[in-house]
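Structure first, commentary second.
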Amino acid sequence: MIVHLSGKLIIKDPSYAIVDVQGVGYKVFISLNTFNALPNINKDVYISTYYNVTEKSHDLFGFN
């Protein structure tokens, strides 16, 4: 289970962010509140996460 990510913010979009954690990029779905709380691109970021597993998908949701 993935409970948080700590790394460099690579992409910042209103619906998702990509965080580079030691060379591995994680796509995290986020809300607009979390989007507004994120730092600028290429800055360090810490995001708490919820890893949702279903028959059809594995999704990572982030929040502050």
Side-chain angles (χ1 to χ4, degrees):
M1 178 172 270
I2 302 169
V3 296
H4 76 269
L5 296 174
S6 181
K8 188 170 287 203
L9 184 62
I10 301 299
I11 294 177
K12 180 180 173 181
D13 183 86
S15 61
Y16 72 92
I18 297 182
V19 179
D20 181 297
V21 180
Q22 296 183 357
V24 178
Y26 290 89
K27 183 176 185 177
V28 183
F29 294 101
I30 57 173
S31 68
L32 284 175
N33 287 339
T34 299
F35 172 78
N36 291 328
L38 290 175
N40 292 328
I41 300 295
N42 291 321
K43 299 290 183 182
D44 289 336
V45 66
Y46 176 92
I47 299 178
S48 297
T49 60
Y50 172 73
Y51 187 50
N52 188 51
V53 178
T54 66
E55 290 180 16
K56 295 183 179 183
S57 69
H58 291 224
D59 296 316
L60 193 58
F61 296 93
F63 52 94
N64 290 36

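The shown structure was predicted, so the numbers you read here are calculated from the model rather than taken from an experiment.
- In this structure, OH in Tyr16 is found 11.0 Å from CZ in Phe35, a value given to the nearest 0.5 Å.
- In this structure, Ile18 CD1 and Asp13 CG are separated by 9.0 Å, a value rounded to the nearest 0.5 Å.
- Contact detail for Phe63 and Thr49: the closest heavy-atom pair is CE2-C, 3.8 Å.
- The CD1 atom of Ile11 sits 9.0 Å away from atom NZ of Lys27, with the distance rounded to the nearest 0.5 Å.
- Both Val24 and Val28 sit in one connected hydrophobic cluster of ILVMFWY residues. Membership requires side-chain heavy atoms under 4.5 Å apart, directly or through other members.
- Here CG of Asp59 is found 5.0 Å from CZ of Phe29. Values are rounded to the nearest 0.5 Å.
- Of all the heavy atoms in Thr34 and Gly62, the pair that sits closest is OG1-O, 3.9 Å.
- Note: the hydrophobic cluster containing Val45 also contains Leu60 (ILVMFWY, side chain heavy atoms under 4.5 Å, direct or indirect links).
- Hydrophobic clustering (ILVMFWY, side-chain heavy atoms < 4.5 Å, transitive): Leu38 and Val19 are in one cluster.
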For residues 1-9, tabulate all N or O donor-acceptor pairs below 3.5 Å that involve a side-chain atom, not counting sequence neighbours.
none

